[in-house]
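What you see is a predicted model; the values in this text were computed from it and never measured. Protein chains get the first letters and strands the later ones, always in sequence-line order, with residue 1 at the start of each.
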Number of protein chains: 2
Amino acid sequence: MTPGVLGHLLLGLLSRSEQTGYELTRAFDTTLKNVWGASHSQIYPELAKLEGRGLIRKTTAGPRGSQRYAVTAEGLGELERWLAGTQPIESPRLEWMARVFFLGLLPHDRALAYLRAQGAFHRAKLAVYEGYAAGVPPAGARSWDRIALEAGMRFERAMIEWAAWAVDLLGEEPPS
Amino acid sequence: MTPGVLGHLLLGLLSRSEQTGYELTRAFDTTLKNVWGASHSQIYPELAKLEGRGLIRKTTAGPRGSQRYAVTAEGLGELERWLAGTQPIESPRLEWMARVFFLGLLPHDRALAYLRAQGAFHRAKLAVYEGYAAGVPPAGARSWDRIALEAGMRFERAMIEWAAWAVDLLGEEPPS
DNA sequence: AGATGCATGTAAATAGTTACATGATTCA
DNA sequence: TGAATCATGTAACTATTTACATGCATCT
């Protein structure tokens with residue numbers, strides 16, 4: 001069987017540089033967390049599977065029993081096949097957005113509080129992204145990290161404005 | 001154990017009206033699909049669990065062995081508890097966005113094609129949402145479906161603009 | 001020496017997908 | 001009567017989360 005999304009993302013990270021499971025885990029807990037999170041208990045077994053299929057291989061062993069992996073030629077091929085698939089497959093898990101459908105069940109002020117909390121959450125995320133953007137090579141084209149980051153920033157801004165719009169809309173009415 | 005997201009969303013749908021598993025399945029394959037999809041093979045067992053916990057109950061039996069469910073008082077309580085949780089928990093699964101990080105591995109024209117496909121995808125979704133919006137009671141406040149829909153529309157517009165921005169950025173450069 | 005961070009694993013449970021399986025009703 | 005749609009379920013597999021478990025290295 002061909003790897004799933006997690007496997008392909010691991011191949012992608014390893015295509016940039018050799019890394020240990022620990023380093024990969026950190027990537028899934030920071031940068032990639034915003035699009036596809038994963039924990040070490042999923043990553044280590046997945047690395048073993050990828051190695052078993054010859055898509056990655058062990059390279060140097062480090063200090064504390066650490067083990068570095070590199071992507072193989074077959075792994076790179078598999079990764080490119082995956083990237084080339086342009087059919088946009090989406091099954092988002094947007095819990096906070098799903099709740100909005102049913103917020104009418106809450107008293108007016110608690111529903112408003114929910115929207116305000118969402119706004120604050122997205123403002124905080126935007127601030128983090130802007131911090132990243134300041135550190136990344138300035139918008140220089142062909143910088144795909146920067147392009148992905150831009151998507152994140154535009155998403156957060158859209159959600160901040162949406163929350164403000166919704167609070168406005170509800171705030172204008174007298175509470176029930 | 002308390003229900004998960006799926007269980008709560010089922011409670012939410014049933015809080016609006018009694019429904020059969022089939023009708024609920026359709027909701028998760030249309031409206032809710034954009035935020036939290038689910039298939040019938042997950043929904044029927046979950047309904048059984050919710051009933052076992054006394055959060056929903058069977059009401060009238062219909063024509064083809066169909067079975068209608070209604071939310072109980074306890075179910076409504078559980079739902080409100082869930083809705084009131086304002087901590088924004090997010091673990092999005094944005095596969096198409098995750099791929100962007102590694103698009104540099106593809107030849108220039110295929111990477112561009114990927115971005116154009118994304119743009120087209122989001123334009124199509126926006127068109128669908130605008131169709132919904134035309135059918136929904138006009139922006140009348142306290143209409144939470146409309147507020148959720150607005151989030152979707154703003155999201156799609158942001159992604160359309162992002163894709164155009166990225167295509168521009170890359171198009172300006174000579175292909176490698 | 002104790003805390004923190006590096007580093008890797010397994011076990012158990014829940015969640016989610018895909019495939020298999022069945023039968024009733026309605027409409028052309 | 002054949003196709004489409006309504007309607008529900010189970011089985012097998014894959015993915016994900018949470019908890020348990022261990023040990024080394026560095027820094028104070």
With respect to the side chain of [X], which nucleotide from [options] is positioned closest?
{"X": "A:Arg64", "options": "D:dA25, D:dT10, D:dT16", "answer": "D:dA25"}
{"X": "B:Gln42", "options": "D:dT10, C:dA15, C:dT8", "answer": "C:dA15"}
{"X": "B:Ser41", "options": "D:dA11, C:dC6, D:dA7", "answer": "D:dA11"}
{"X": "B:Tyr22", "options": "D:dT17, C:dT18, D:dA7", "answer": "D:dA7"}
{"X": "A:Ser39", "options": "D:dT17, C:dT8, D:dA15", "answer": "D:dT17"}
{"X": "B:Arg26", "options": "D:dT8, D:dC6, C:dT10", "answer": "D:dC6"}

Provide, to the nearest angstrom, the distance between the [atom1] atom belonging to [X] and the [atom2] atom belonging to [N].
{"X": "B:Gln67", "N": "C:dG23", "atom1": "CD", "atom2": "C1'", "answer": "17 Å"}
{"X": "A:Leu10", "N": "D:dT16", "atom1": "CG", "atom2": "P", "answer": "11 Å"}
{"X": "B:Glu95", "N": "D:dA15", "atom1": "CD", "atom2": "P", "answer": "12 Å"}
{"X": "A:Glu46", "N": "C:dG9", "atom1": "CD", "atom2": "C1'", "answer": "15 Å"}

### Worked verdict on A:Arg157 versus A:Glu161 for salt bridge (charged side-chain N to carboxylate O under 4.0 Å, His left out)
CA-CA 6 Å; A:Arg157 282 191 207 110; A:Glu161 284 162 24; over 6 Å; no
Do B:Asp145 and B:Tyr132 have side-chain N/O donor and acceptor atoms under 3.5 Å apart?
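Result is no, nothing qualifies.
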*asked:* If the threshold is 4.0 Å, N to carboxylate O, is there a salt bridge linking A:Arg68 and A:Glu23?
replied: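 Looking at A:Glu23 together with A:Arg68, the answer is yes, because their closest N to O distance falls below 4.0 Å.
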A:Arg116 side chain vs A:Ala111 backbone, donor-acceptor pair below 3.5 Å =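 No; judged by distance alone, with no hydrogens or angles, the pair does not exist.
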